[in-house]
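Before any comments, here is the structure.
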2 protein chains.
Amino acid sequence: MSRHAHGQPAGLTRNQALVHRALAEAEGPLSAYTILDRLRGEGLRAPLQVYRALEKLVERGLVHRLESLNAFVACSHPETAVHDATAFAICDKCGTVSELADARLARRLATLAGEAGYTLDRSTVELRGLCRACRPAAG
Amino acid sequence: MSRHAHGQPAGLTRNQALVHRALAEAEGPLSAYTILDRLRGEGLRAPLQVYRALEKLVERGLVHRLESLNAFVACSHPETAVHDATAFAICDKCGTVSELADARLARRLATLAGEAGYTLDRSTVELRGLCRACRPAAG
DNA sequence: ATCGCATACGTTATAAGGTTACGCAATCTG
DNA sequence: CAGATTGCGTAACCTTATAACGTATGCGAT
């Protein structure tokens, strides 16, 4: 496995490693600007530094972008080869995010896209609702 | 059906009708600011006028927001009751969008969310790839 | 070694997308 | 008619993302 003992993936540049660590240490998704703020102490100053690092990290499947939130999360199972068919459940109240991998869903999406005449390159699946903790207790 | 002969849904305010028409007449998705620009001739001046209209239109299921594009499209089957489980296929080359409704997908998403401990309120499913016309011809 | 190329970096400025705050007008409801 | 609700218009502002430019560094081929 391409990691050191400290859990940092190998082969990252300084900025990439900083951004990845910020996300890995966060409880939930962070916006690019929040990441920037958290890394000012490390010398980062401009949005582009963060966006460039994020771009590479997303390419490598180490970070996911949550489109409906304009935010980013560290991938919770970076070992997995395929990261472009991942679904996310997002709690509308507390913001908790769960990463879901499901082959059946992936197949259904591929089939649907194919039937509509599209090749499927990557998919965005974001489910909004309430997590167990935030759900009002049942009668 | 709640429409006039001209295809405009009934019960819309002026701004809502303008925004809806702009989207219905467009070939593809439009950003809020593009809508605004197209409606300046009709007297719209500020982003908020468009966003407010969009909010209502989305609530009523007449318009969908494409999160991965930060853009909006008119719903292609507004008669359908349920608009919160719609999937979209988006061509990365020409920008064409197809709206896909699929009960099996909807069920799978509901199941997945449930298994992860979430209630499912609404889902975002956006499939990126190439449409038939843009796909390089096979051998 | 050094040229050419690719990749990352840093900085400034700016574009694009979205919201807050405030007040007025019309409509509905009791 | 009082109060509530909904929509409207304007200005200012905030957040998110990219363009444009130049520098530095590693690396393979001549």
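As a basis for the values below, the full set of heavy atoms in this structure was taken, side chains included, without hydrogen atoms, waters or symmetry mates. Nothing here was measured: the structure is a model prediction, and the numbers come from that model. Residue numbers start from 1 in every chain, and the chains themselves are labelled A, B, ... in the order their sequence lines are given, proteins ahead of strands.
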Exercise. Just how far, in rounded Å, is C1' of C:dG17 from CD of A:Glu67?
Worked result: 14 Å
Exercise. When the distance from CG of A:Leu12 to P of C:dA8 is rounded to whole Å, what number comes out?
Worked result: 11 Å
Exercise. Looking for any heavy atom pair under 4.0 Å, which part of the strands does A:Arg52 touch: base, sugar-phosphate only, or nothing?
Worked result: base
Problem set entry | Pairs where residues 87-97 of chain A contributes a residue and the test salt bridge (charged side-chain N to carboxylate O under 4.0 Å, His left out) is met, not counting sequence neighbours | A:Asp92-A:Arg128, A:Asp92-B:Arg122
For this session: Let me know the distance between OH of B:Tyr51 and C1' of D:dA12, rounded to the nearest Å.
Result: 16 Å
Exercise. Just checking, is any N or O donor in the side chain of A:Glu67 or A:Thr124 under 3.5 Å from an acceptor N or O on the other one?
Worked result: no
Problem set entry | Between P of C:dT7 and CD of A:Glu55, the distance in whole Å | 12 Å
Exercise. Is the phosphate of D:dA17, meaning OP1 or OP2, less than 4.0 Å from a side-chain N or O of A:Asn70?
Worked result: yes
Exercise. With ring centroids as reference points, do A:Phe88 and A:His64 lie under 6.0 angstrom apart?
Worked result: yes
For this session: Check the distance between C:dG17's P and B:Leu54's CG and give it to me in whole angstrom.
Result: 12 Å
Exercise. Rounded to whole angstroms, how far apart are CG on A:Leu44 and P on C:dG10?
Worked result: 7 Å
Problem set entry | Upstream residue (5' side of DNA chain D) when B:Ala46 and A:Pro47 are each assigned their closest nucleotide | B:Ala46
Seminar exercise, completed: The residue, B:Gln16 or B:Leu48, whose nearest nucleotide of DNA chain D is more 5′ is B:Gln16
Exercise. Given D:dC8, is OP1 or OP2 found less than 4.0 Å from the side-chain N or O atoms of B:Gln49?
Worked result: no
Exercise. Taking for each residue the nucleotide of DNA chain C bearing the nearest heavy atom, is the 5' side occupied by A:Tyr33 or by A:Lys56?
Worked result: A:Lys56
Exercise. Does A:Thr13 have a side-chain nitrogen or oxygen under 4.0 Å from the phosphate oxygens OP1 or OP2 of C:dA8?
Worked result: no
Exercise. Rounded to whole angstrom units, what separation is found between the CG atom of A:Leu30 and the C1' atom of D:dT16?
Worked result: 15 Å
For this session: Ignoring backbone atoms, test whether A:Arg14 places a side-chain nitrogen or oxygen under 4.0 Å from the OP1 or OP2 oxygen of C:dC9.
Result: no
Exercise. Considering only heavy atoms from C-beta outward, does the side chain of A:Thr96 approach that of A:Ile90 to under 4.5 Å?
Worked result: no
For this session: List the atom of B:Arg135, the atom of B:Leu130, and the distance in Å for their closest heavy-atom pair.
Result: NH1-O, 3.7 Å
